[in-house]
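Protein chains get the first letters and strands the later ones, always in sequence-line order, with residue 1 at the start of each.
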There are 2 protein chains.
Amino acid sequence: MDNLNLQQYFIDHNLKPTPQRLTIAKFLLSTDTHPTAEEIHKAISNELPTPISLATVYNSLEALVKVGIIKEVLTEPNKVRYDKNITNHHHFINTKTGEILDIEPYELISKELIENYLLKNPKQKFKVSNYHITFYGQVEENS
Amino acid sequence: MDNLNLQQYFIDHNLKPTPQRLTIAKFLLSTDTHPTAEEIHKAISNELPTPISLATVYNSLEALVKVGIIKEVLTEPNKVRYDKNITNHHHFINTKTGEILDIEPYELISKELIENYLLKNPKQKFKVSNYHITFYGQVEENS
DNA sequence: CTAATGTTTAGAATTATTCTAATATTAGAA
DNA sequence: TTCTAATATTAGAATAATTCTAAACATTAG
Ligand SMILES: [Mn+2]
Ligand SMILES: [Mn+2]
Ligand SMILES: [Zn+2]
Ligand SMILES: [Zn+2]
């Protein structure tokens, strides 16, 4: 999403396209990492004429989550990370580096497979609306 | 695990079987819920002759995680929950009630299936040591 | 006994986040 | 263009979860 679309998206969702919100959104859309509010605050603090407050970063992130432009990701204890990738996808955590990688849900694990799987649980019937997998391990570079 | 085994388990793992640790461990082993440190503190505070401090609850939980008798579970932002179920298993979150249910990993989603799945990701080779699925949805009672 | 070691404790400190209430900005109406 | 009402931003206080500190306790080996 480019600048103009972003601006329009905000307007369409009753969100004033303030410099702070635009800067935060543009920053998130530009990175594949999953930064925390603090990391975002540090990263953008010199991209605005006047310093942005941490409260505004938190406020803006909440607003951006609400209009569906970003998502929260929970990986470590007591830390919320933010993700520009709003599609249903999974995460691979590199246990050596701590890096969080997006894993796209290809067809192999389908909704049907998942629901079948849960049907094996004898006690209750589960109606799954969503699911998220966190993989832990290491990454071997392709040769 | 009963009282005697618990005591022995602690000793075998160089952990003094203090009343505080035993009480916390027994409490966790007795519940299928996934309580927070605070909830545990409240729940056991009248099961000991003298009041237990919250610091001790945190210290003990850390020790119990270290010796592998319990696990941490991350579901909500900024909250750590504890789980007596140390087997590899998944969690179903009832989005109506917030309840967290254990889902045993039956064979349908095997390690091989998972690794195959990740092999479809063209960019990198993943060596998965572990994975955890969080399901969201509702539960229909069996008729 | 006594020393050494490990444990618990209250309360202070820290970290992440939310709240408050004053000020500033925005966007539409006049 | 102003004016105005609604929103947004801000600094700093407050809160929630957790960790740290250093003193008091308990247990055990000598
Ligand atoms: Mn954070
Ligand atoms: Mn907690
Ligand atoms: Zn992601
Ligand atoms: Zn569990």
(Q) Restricting to side chain to side chain donor-acceptor pair (under 3.5 Å), what partner residues turn up for Ser45(A), sequence neighbours left out? (A) none
Q. Which of the following nucleotides, dT9(C), dT17(C), dA11(D), is nearest to the side chain of Tyr58(A)?
A. dT17(C)
Q) Nearest nucleotide by nearest heavy atom, which residue falls closer to the 5' end of DNA chain D, Ser53(A) or Leu15(A)? A) Leu15(A)
Q | salt bridge (charged side-chain N to carboxylate O under 4.0 Å, His left out) pairs, two or more places apart, involving residues 48-63 of chain A | A | Glu62(A)-Lys66(A)
Q | side chain to side chain donor-acceptor pair (under 3.5 Å) partners of Asn85(B), counting only residues at least two apart | A | Thr87(B), His89(B), Asp102(B), Glu104(B)
**Q.** Atom-pair distance (CZ on Phe10(B); C1' on dG6(C)), nearest Å
**A.** 15 Å
**Q.** N/O (side chain, Asn78(A)) to phosphate O (OP1/OP2, dT18(D)) under 4.0 Å
**A.** yes
Q. Among all residues two or more places apart in sequence or in another chain, which pass the side chain to side chain contact (heavy atoms under 4.5 Å, CB included) test with Leu48(A)?
A. Pro19(A), Gln20(A), Thr23(A), Ile52(A)
Q.
Closest approach to the side chain of Thr56(B), judged atom by atom: which nucleotide of dT8(C), dT17(C), dT26(C) is it?
A. dT8(C)
**Q.** Point-to-point distance, once rounded to the nearest 0.5 Å, from CD1 of Ile24(A) to OH of Tyr58(A)
**A.** 11.5 Å
Q | salt bridge (charged side-chain N to carboxylate O under 4.0 Å, His left out) partners of residues 50-61 of chain B, not counting sequence neighbours, each pair once | A | none
Q) What residues form a side chain to side chain contact (heavy atoms under 4.5 Å, CB included) with Val67(A), not counting sequence neighbours? A) Tyr9(A), His13(A), Leu15(A), Ile69(A)
(Q) Given a 3.5 Å cut-off on both pairing distances, which stems involving DNA chain D, each at least three consecutive Watson-Crick or G-U pairs, are present, if any? (A) C:1-30 with D:1-30
Q. Should the pair His90(B) and His132(B) be assigned to parallel (<30°), tilted (30 to 60°) or perpendicular (>60°) ring geometry?
A. tilted
Q) Does anything in residues 84-93 of chain B pair up under salt bridge (charged side-chain N to carboxylate O under 4.0 Å, His left out), and if so which pairs, sequence neighbours excluded? A) Asp32(B)-Lys84(B)
Q) Which of residues 59-68 of chain A sit near DNA chain D, with a heavy atom under 4.0 Å from it? A) Asn59(A)
Q: List for me each residue that meets side chain to side chain contact (heavy atoms under 4.5 Å, CB included) alongside Glu76(A), sequence neighbours excluded, and say none if there are none.
A: Lys79(A), Arg81(A)
Q. So which of residues 17-34 of chain B are in contact with DNA chain D, with a heavy-atom cut-off of under 4.0 Å?
A. none
**Q.** salt bridge (charged side-chain N to carboxylate O under 4.0 Å, His left out): pairs with one or both residues in residues 14-23 of chain B, sequence neighbours excluded
**A.** none
